[in-house]
Amino acid sequence: MSFILKIPSKTRLILGLSLTVLGILSLFILDNYDTGFLGGFLSGILLGTGIGLVITYKQKAN
């Protein structure tokens with residue numbers, strides 16, 4: 001996880017928020033169209049990465 005903390009805080013927050021929004025949009029696409037396992041997998045990865053980046057916004061690398 002140290003490579004994530006090397007990214008500047010402001011960049012982590014912006015990237016995390018944009019990935020979270022993309023994940024939510026992909027969930028709506030997944031709901032309307034039958035995208036199968038791959039669509040759900042990509043939605044989960046986008047949401048997990050985005051939320052993880054937002055959570056680590058205030059942490060600093062050692």
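For the numbers below, each heavy atom of this structure counts, side chains included, while hydrogens, waters and symmetry mates do not.
- Qualifying side-chain contact (heavy atoms from CB on, under 4.5 Å) partners for Tyr33, counting only residues two or more places apart in sequence or in other chains: Ile29, Thr35.
- Take Phe37 and apply the ring pair (Phe, Tyr, Trp, His ring centres under 6.0 Å) test, not counting sequence neighbours, and it matches Phe41.
- Checked against side-chain contact (heavy atoms from CB on, under 4.5 Å), Ser9 has the following partners two or more places apart in sequence or in another chain: Arg12, Tyr57.
- The environment of CG in Asp34 is sparse: at most 12 heavy-atom neighbours from other residues, nucleotides or ligands sit within 6.0 Å.
- For the atom pair CG (Leu17) and CG (Leu22), the distance works out to 11.0 Å, reported to the nearest 0.5 Å.
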Would you mind writing out the side-chain donor-acceptor pairs for residues 42-55 within the sub-3.5 Å range, not counting sequence neighbours?
residue: Ser43; atom: OG; partner: Ser26; partner atom: OG; Å: 2.9
residue: Ser43; atom: OG; partner: Gly39; partner atom: O; Å: 2.9
residue: Thr49; atom: OG1; partner: Ile45; partner atom: O; Å: 2.8

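- There is no path of hydrophobic side-chain contacts, each under 4.5 Å, that joins Ile7 to Phe3.
- Ile14 and Val21 are not part of a single hydrophobic cluster, where members link through side-chain heavy atoms under 4.5 Å apart.
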